[in-house]
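So that the names make sense, note that chain A is the first sequence line, chain B the second, and so on, each numbered from 1. Owing to the predicted nature of the structure, the values given are computational and were not obtained by experimental measurement.
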Protein chains: 2
Amino acid sequence: MSDLLERLRDRGWRLTAQRRVVAEVLDGDHVHYTADEVHARAAARLPEIARATVYNTLSELVSIGEVIEVSTDGRAKRYDPNARHSHQHLVCSKCGTIRDVHPSGDPLAGLPESERFGFTISDATVTYRGTCPQCAAG
Amino acid sequence: MSDLLERLRDRGWRLTAQRRVVAEVLDGDHVHYTADEVHARAAARLPEIARATVYNTLSELVSIGEVIEVSTDGRAKRYDPNARHSHQHLVCSKCGTIRDVHPSGDPLAGLPESERFGFTISDATVTYRGTCPQCAAG
DNA sequence: TTCTTGACTTAGACAATGTCCAATGTAGGA
DNA sequence: TCCTACATTGGACATTGTCTAAGTCAAGAA
Ligand SMILES: [Mn+2]
Ligand SMILES: [Mn+2]
Ligand SMILES: [Zn+2]
Ligand SMILES: [Zn+2]
């Protein structure tokens, strides 16, 4: 993710060791870690990193649009580095696995004007729930 | 909500004063209170009701399908007595107001087989976000 | 009506997640 | 190399939710 580090430098961010390891943890497809999971993985590389620093960095990444927050249940928020391509989520009800999915069509299209209550709607998030192949097999 | 109390009695529930006031609080349209909001409103009628009792009663109502849990943000879960008619939610990004909405079409239809990763999908929840008329005017 | 009993409620400790702050450290420019 | 504004740290605190031991009571039995 030197791409990400490059963009952060362009924004005037100081490139500290802590921000580097958080950026490294948030790399890959279908990555949706909780803040504590990010902290644990970051601490494996930089043991003294503080929880508050991870929370700070994640909030900053979210506020500049490099990472999105995902709330699939009522538990901890998850942090998703796949912010460039709009997508939705498919969640296994049993094991909690989360996959990125790309539905066809405009999700706002299904909501008739009579059901908008005068709101100006900006977006729709869809969460699909089901059972993953592993859980179905077990 | 004597309908609800009747159904609870049929299930063998003991009809305590605490369960009655929780059922009374959970009455109406577009009702989506947090557990603490339910507790505050219940305590206005029955001051000694405990937080744990409200949590217990809400969990039981959810488990028997009389109430739905709604997580629109990463904060507290909300409890929705409109469990008989399937619906989705429209949330104001500024003030948090939540309205029930009824989109047309099957929300699962938009997800192609190639995007299902072998999951057996059981349902989809959609959260529309925007600005409500009051917040737009203010 | 009164009694009995197992289900229900209570208060508070504890857990999980997240926010905030004062003290300390340091990245990057001068 | 030195400065200093920005970043990090550790821990206190807040919010939301869970759990348990002890006390209470709804509803059927007698
Ligand atoms: Mn994702
Ligand atoms: Mn609703
Ligand atoms: Zn699974
Ligand atoms: Zn509003």
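Here the side chain of A:Arg116 pairs a donor or acceptor atom with the backbone of A:Leu111 at under 3.5 angstrom. A donor-acceptor pair is defined here as one N or O able to donate and one able to accept, closer than 3.5 Å; no such pair exists between the side chain of A:Thr131 and the backbone of B:Thr120. Formation of a donor-acceptor pair under 3.5 Å by the A:His89 side chain with backbone atoms of A:Ser71 is not found in this model.
Among C:dG18, C:dT17, C:dT10, the nucleotide with an atom closest to any side-chain atom of B:Asn56 is C:dT10.
Checking the phosphate oxygens (OP1, OP2) of C:dC8, a side-chain nitrogen or oxygen of B:Arg19 falls inside 4.0 Å. A close approach under 4.0 Å does occur between a side-chain nitrogen or oxygen of B:Tyr55 and OP1 or OP2 of D:dG17.
The interatomic distance linking A:Ile49 (CD1) with D:dG10 (C1') rounds to 14 Å, in whole Å. What separates CG of A:Asp73 from P of D:dT16 is a distance of 16 Å, to the nearest Å. Here the C1' atom of nucleotide D:dT9 and the NE2 atom of A:His39 are 10 Å apart, to the nearest Å. In this structure, B:Glu48 places its CD atom 17 Å from C1' of C:dG12, rounding to the nearest Å. Rounding to whole angstrom units, CG of residue A:Leu58 and P of C:dG18 are separated by 10 Å. Regarding A:Leu5, its CG atom lies at a distance of 14 Å from the P atom of C:dA27, rounded to whole Å. The interatomic distance linking B:Leu8 (CG) with C:dC8 (P) rounds to 11 Å, in whole Å. The interatomic distance linking B:Tyr79 (OH) with D:dT16 (P) rounds to 12 Å, in whole Å.
The residue among A:Glu60 and A:Arg51 whose nearest nucleotide of DNA chain D lies closer to the 5′ end is A:Glu60. Comparing A:Ala52 and A:Asp36 against DNA chain C, the residue whose closest nucleotide sits nearer the 5' end is A:Asp36.
Under the side chain to side chain donor-acceptor pair (under 3.5 Å) test applied with A:Glu115, the options B:His102, B:Gln88, B:His87, B:Arg99 reduce to a single match, B:His102.
Counted within 6.0 Å of CG on B:Asp106, heavy atoms from surrounding residues, nucleotides or ligands total more than 12; the atom is thus considered enclosed.
Inspection of the B:His32 and B:Asp100 side chains reveals an N or O donor paired with an N or O acceptor under 3.5 Å.
A heavy-atom distance below 4.5 Å is found between the side chains of A:Val38 and A:Val22.
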With B for base contact, S for sugar-phosphate-only contact and - for none (protein heavy atoms under 4.0 Å), nucleotides 23-30 of chain D reads --BBS---

